[in-house]
Amino acid sequence: MTIEATLTSKGQTTIPKEIRDSLRMKAGDRMTFTLMPDATVVLRLKNKSLTELAGTLYKKGRKPVSLDQLSR
(Lines give C-alpha, C1' and ligand atoms only; values in the text may rest on other atoms or scores of the structure.)
Protein backbone atom coordinates (compact mmCIF):
# COMPACT_ATOMS: atom_id res chain seq x y z
CA MET A 1 0.00 0.00 0.00
CA THR A 2 1.50 3.33 -1.05
CA ILE A 3 -0.22 6.52 0.04
CA GLU A 4 1.22 10.03 -0.09
CA ALA A 5 1.06 12.70 2.60
CA THR A 6 2.31 16.29 2.68
CA LEU A 7 4.64 17.91 5.22
CA THR A 8 3.48 21.33 6.46
CA SER A 9 5.74 24.32 7.06
CA LYS A 10 5.57 23.47 10.79
CA GLY A 11 6.96 19.97 10.15
CA GLN A 12 3.61 18.26 10.68
CA THR A 13 1.78 15.71 8.57
CA THR A 14 -1.43 13.72 8.77
CA ILE A 15 -1.24 9.95 8.78
CA PRO A 16 -3.64 8.94 5.99
CA LYS A 17 -6.97 7.48 7.10
CA GLU A 18 -6.33 4.14 5.37
CA ILE A 19 -3.14 3.70 7.42
CA ARG A 20 -4.78 4.83 10.69
CA ASP A 21 -7.67 2.45 10.12
CA SER A 22 -5.52 -0.55 9.24
CA LEU A 23 -3.35 0.04 12.34
CA ARG A 24 -6.43 0.79 14.50
CA MET A 25 -4.88 4.10 15.54
CA LYS A 26 -6.82 6.56 17.66
CA ALA A 27 -6.24 10.00 19.11
CA GLY A 28 -3.63 9.93 21.86
CA ASP A 29 -1.75 6.88 20.53
CA ARG A 30 2.00 7.22 20.84
CA MET A 31 4.50 6.12 18.20
CA THR A 32 8.21 5.95 17.62
CA PHE A 33 10.10 6.66 14.40
CA THR A 34 13.34 4.84 13.61
CA LEU A 35 15.55 6.04 10.76
CA MET A 36 17.28 3.10 9.09
CA PRO A 37 20.66 3.41 7.28
CA ASP A 38 18.96 3.17 3.87
CA ALA A 39 16.71 6.20 4.69
CA THR A 40 13.69 3.98 5.41
CA VAL A 41 11.63 5.21 8.35
CA VAL A 42 9.99 2.61 10.58
CA LEU A 43 6.93 3.75 12.54
CA ARG A 44 5.98 1.70 15.60
CA LEU A 45 2.82 2.20 17.61
CA LYS A 46 3.13 2.44 21.37
CA ASN A 47 -0.59 2.16 22.09
CA LYS A 48 -0.65 -1.15 23.97
CA SER A 49 -0.11 -1.42 27.69
CA LEU A 50 1.40 -4.55 29.17
CA THR A 51 -1.92 -5.49 30.75
CA GLU A 52 -3.65 -5.34 27.35
CA LEU A 53 -1.16 -7.88 26.02
CA ALA A 54 -1.89 -10.41 28.76
CA GLY A 55 -3.13 -13.67 27.26
CA THR A 56 -2.28 -12.81 23.64
CA LEU A 57 0.11 -15.76 23.41
CA TYR A 58 -2.39 -18.20 24.86
CA LYS A 59 -2.71 -21.46 22.96
CA LYS A 60 -5.06 -24.22 24.00
CA GLY A 61 -3.12 -27.10 25.55
CA ARG A 62 0.07 -25.09 26.12
CA LYS A 63 1.34 -25.15 29.69
CA PRO A 64 1.94 -21.80 31.41
CA VAL A 65 5.58 -20.76 31.78
CA SER A 66 6.84 -18.85 34.81
CA LEU A 67 8.86 -15.65 34.50
CA ASP A 68 11.88 -17.49 35.90
CA GLN A 69 11.71 -20.01 33.07
CA LEU A 70 11.34 -17.27 30.48
CA SER A 71 14.48 -15.48 31.61
CA ARG A 72 16.72 -18.53 31.16
Side-chain angles (χ1 to χ4, degrees):
M1 172 188 314
T2 301
I3 301 171
E4 291 186 12
T6 303
L7 186 67
T8 69
S9 61
K10 292 184 177 183
Q12 299 172 337
T13 190
T14 300
I15 299 172
K17 183 173 179 7
E18 295 90 347
I19 302 293
R20 294 190 319 264
D21 289 348
S22 67
L23 295 175
R24 298 183 188 140
M25 294 178 77
K26 60 189 178 307
D29 283 349
R30 299 192 52 83
M31 61 203 87
T32 61
F33 297 89
T34 304
L35 180 60
M36 305 304 285
D38 65 352
T40 299
V41 176
V42 177
L43 176 140
R44 289 187 180 92
L45 291 182
K46 306 286 270 181
N47 61 351
K48 298 284 185 194
S49 72
L50 190 56
T51 56
E52 289 179 282
L53 297 175
T56 58
L57 298 178
Y58 173 78
K59 185 175 181 182
K60 190 174 182 175
R62 184 184 292 168
K63 294 179 183 177
V65 178
S66 71
L67 290 176
D68 289 336
Q69 290 173 315
L70 285 175
S71 62
R72 290 184 201 166

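We count residues from 1, following the sequence as given.
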Hey, quick one: are L35 and L7 part of the same hydrophobic cluster, counting side-chain heavy atoms closer than 4.5 Å, chains of contacts allowed? no
Using the rule that Ile, Leu, Val, Met, Phe, Trp and Tyr join whenever any side-chain heavy atoms are under 4.5 Å apart, tell me whether M31 and V41 fall into a single cluster. yes
What residue pairs, at least two apart or across chains, pass salt bridge (charged side-chain N to carboxylate O under 4.0 Å, His left out) with a residue in residues 10-19?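 Qualifying pairs: K17-D21.
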Quick one about D38 and T40 (side-chain donor to acceptor, distance below 3.5 Å, no hydrogens or angles considered), yes or no?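 Looking only at side-chain atoms, D38 and T40 do form a donor-acceptor pair, the distance falling under 3.5 Å.
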For the atom pair CG (L23) and CG (L43), what is the distance rounded to the nearest 0.5 Å? 7.5 Å
Any sub-3.5 Å donor-acceptor pair from R44's side-chain atoms to F33's backbone N or O?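 The answer is no, because no donor-acceptor pair under 3.5 Å joins these two groups.
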T13 side-chain N/O to A5 backbone N/O, donor-acceptor pair under 3.5 Å: no
Are the side chains of [X] and [Y] in touch, meaning some heavy atoms are under 4.5 Å apart?
| X | Y | value |
| --- | --- | --- |
| D29 | R24 | no |
| M25 | L45 | yes |
| I19 | I3 | yes |

Applying side chain to side chain contact (heavy atoms under 4.5 Å, CB included), run through T32 and K46 and close with a yes or a no. CA-CA 7 Å; T32 61; K46 306 286 270 181; 3.9 Å; yes
